[in-house]
2 protein chains.
Amino acid sequence: MEDRKLTVRAVERALDILMCFTRNSELGLTEIAGQIHLHKSTVHRLMTTLEERGFVIRDAATEKYRLGLKVWELSTHLSKSDDPAVLLLPAMERLRDRLGETVSLYLRDGKDRLRIQAVQSNQAIRRVAQVGARLPLYVGASSKVLVAFATQEDQQELFQDPEWPDMSDPDAYLQMLEEIRERGYATSFEEREPGAAAVAVPIVNRSGVVAAALSVSGPVGRISTDTLHEFAPVLKEAAREMGMMI
Amino acid sequence: MEDRKLTVRAVERALDILMCFTRNSELGLTEIAGQIHLHKSTVHRLMTTLEERGFVIRDAATEKYRLGLKVWELSTHLSKSDDPAVLLLPAMERLRDRLGETVSLYLRDGKDRLRIQAVQSNQAIRRVAQVGARLPLYVGASSKVLVAFATQEDQQELFQDPEWPDMSDPDAYLQMLEEIRERGYATSFEEREPGAAAVAVPIVNRSGVVAAALSVSGPVGRISTDTLHEFAPVLKEAAREMGMMI
DNA sequence: CCTAATGTTTCACCACATGAAACATGGTTA
DNA sequence: TAACCATGTTTCATGTGGTGAAACATTAGG
């Protein structure tokens with residue numbers, strides 16, 4: 001072992017267990033043990049610890065574990081002041097009112113993107129976006145934006161990741177990213193979700209860094225590829241304003 | 001050591017570190033080490049682990065730690081469906097509109113209570129209640145309710161806790177709890193906070209268990225002890241309705 | 001009744017978490 | 001400039017305490 005670990009294994013495991021609950025809201029002991037490949041007795045001890053500290057609770061009925069009050073308590077103490085999710089909410093609502101479609105805000109987080117805020121279209125047929133969803137970086141308009149404006153090294157790291165799908169034509173893909181950087185927005189048409197289309201633009205903060213991606217999405221019945229391109233300038237203007245705030 | 005620990009010390013410590021951020025949103029290494037009485041090198045390793053997993057981040061400017069994205073992500077996956085905080089919000093808003101004062105919802109959590117929801121009075125002078133605040137169980141109208149309707153064993157455990165203040169007259173205190181159970185509400189007048197008065201009632205869920213405490217509070221200038229008793233029946237009716245929902 | 005799948009506890013082993021101490025860094029003072 | 005102090009970081013010997021196999025307990029289902 002050349003580069004010595006300076007982390008604590010038991011804690012890593014406990015945190016991994018907590019993150020399991022982003023995929024399933026209720027989990028049994030063996031279920032968790034299966035997901036993180038540990039012996040159930042080990043998981044049992046970790047769960048006892050998490051439960052004792054209130055980070056998970058046991059459902060009285062199902063006997064399964066779910067996230068506890070402490071998680072919620074912690075989240076209320078996240079520093080709200082500089083949190084884009086609350087800071088940009090009003091601007092997102094205005095954009096939704098203007099375009100009439102669902103508006104989402106994404107943050108790059110490692111090899112994924114995270115939908116940190118969303119305001120839903122109020123039309124009868126609409127795309128419903130779930131806040132907190134973790135989505136892949138290799139598909140969708142917002143992904144393209146986040147990848148296109150990432151650093152070279154960052155991109156290389158992503159592409160080399162085993163999770164990243166094999167590119168049939170790497171040059172064409174890089175060409176597309178270049179195009180996105182040039183015109184300042186990306187589109188997607190039934191790419192991640194059938195029946196959904198989206199436009200996304202980067203939000204550049206005052207330091208000149210791409211801090212997030214802003215997208216507008218809706219059903220293909222209402223949004224043609226033409227519509228996407230019509231939306232783009234409106235989005236860009238909104239993103240520019242938002243960038244001033246963060 | 002007679003009763004063997006079946007918890008994991010390193011994990012307990014890591015979780016304790018996380019909870020430190022409910023008191024301070026930004027913390028340095030030695031600061032944390034001081035709070036949980038550990039050597040800074042130990043804390044350093046734990047923090048590296050927490051950071052690697054995204055549960056804390058380092059502020060670029062101050063070099064201090066703050067809670068990370070993962071905490072927020074986890075919190076969005078708390079099962080919202082049966083969460084009283086969102087379920088009872090509309091009813092709380094109606095109550096606020098009716099009485100014109102700040103309405104709070106408390107949950108018992110171990111030796112404390114937790115304000116899990118609050119809607120503020122919209123009068124100029126008002127009591128501002130912070131959601132997520134952890135408060136003691138030995139003072140305040142809501143505390144009295146939560147203690148009064150706790151089980152005998154629970155009460156004993158609380159009273160024997162070293163944190164619990166010495167009771168000058170235990171019999172009088174028990175007498176007061178009995179009175180609260182009889183009339184179904186508790187009051188406080190400049191008890192926890194100078195200048196604030198409150199009434200609180202229990203919320204009994206469909207299983208007949210006291211699941212939470214509902215309180216209305218405001219400045220003493222507007223709320224006399226008489227007002228508190230006038231509010232009580234309104235609160236009780238609201239709590240009855242809320243109880244049906246959880 | 002047996003079987004299978006849960007969760008729980010015990011226990012011997014030795015990996016690995018631990019804290020002291022040394023080191024590095026930046027900021028403040030004289 | 002040096003001396004100082006308060007941060008954070010890394011190293012390392014020590015033995016505690018985390019680990020997983022296995023045994024046990026419990027429940028549900030066939």
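These numbers come from a predicted model, not from an experiment. Letters A, B, ... are given to chains in the order of the sequence lines, protein chains preceding strands, and every chain is numbered from 1.
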Close approaches to DNA chain D from residues 34-45 of chain B, in residue order (heavy atom, under 4.0 Å): B/K40, B/S41, B/H44
Which residues pass the side-chain hydrogen bond (donor to acceptor under 3.5 Å, both in side chains) test with A/S217, sequence neighbours left out? A/R127
State which residues pass side-chain hydrogen bond (donor to acceptor under 3.5 Å, both in side chains) with A/E73; sequence neighbours excluded, sorted by chain then number. B/R134
List the steps and the verdict of side chain to side chain donor-acceptor pair (under 3.5 Å) for A/E12 and A/T7. CA-CA 8 Å; A/E12 285 178 337; A/T7 54; 3.0 Å; yes
Pick the nucleotide of DNA chain C nearest each of A/V8 and A/R58; which residue has the one closer to the 5' end? A/R58
Separation of [N] [atom2] from [X] [atom1] (nearest whole Å):
X	N	atom1	atom2	value
B/Y65	D/dT7	OH	C1'	12 Å
A/L29	C/dA4	CG	C1'	17 Å
B/L6	C/dG7	CG	C1'	13 Å
B/I32	C/dG19	CD1	C1'	17 Å
B/E12	C/dT18	CD	P	11 Å
B/M47	D/dG8	CE	P	10 Å

Is any side-chain heavy atom of A/L88 closer than 4.5 Å to one of A/L105? yes
Using a cut-off of less than 4.0 Å, is there contact between a side-chain N or O of B/R9 and OP1 or OP2 of D/dT19? no
Is B/R13 close enough to C/dA17 that one of its side-chain N or O atoms is under 4.0 Å from OP1 or OP2 there? no
Over 12 non-hydrogen atoms of neighbours within 6.0 angstrom of CD in A/E163: no
Intermediate values then yes/no, side chain to side chain contact (heavy atoms under 4.5 Å, CB included), B/D112 and B/L135: CA-CA 6 Å; B/D112 309 302; B/L135 301 166; over 6 Å; no
For residues 135-152 of chain A, the salt bridge (charged side-chain N to carboxylate O under 4.0 Å, His left out) pairs (sequence neighbours left out) are A/K144-A/E191
Using a 4.0 Å heavy-atom cut-off across all strands, classify A/T7 as base, sugar-phosphate, or nothing. sugar-phosphate
Contact residues, residues 17-28 of chain B to DNA chain C [heavy atom, < 4.0 Å]: none
Sorted by chain and residue number, the salt bridge (Lys or Arg N to Asp or Glu O under 4.0 Å) partners of A/R108 (sequence neighbours excluded) come out as A/D154
Run A/F21 and A/Y65 through ring pair (Phe, Tyr, Trp, His ring centres under 6.0 Å) and show every step you take. CA-CA 9 Å; A/F21 289 92; A/Y65 294 96; 7.4 Å; no
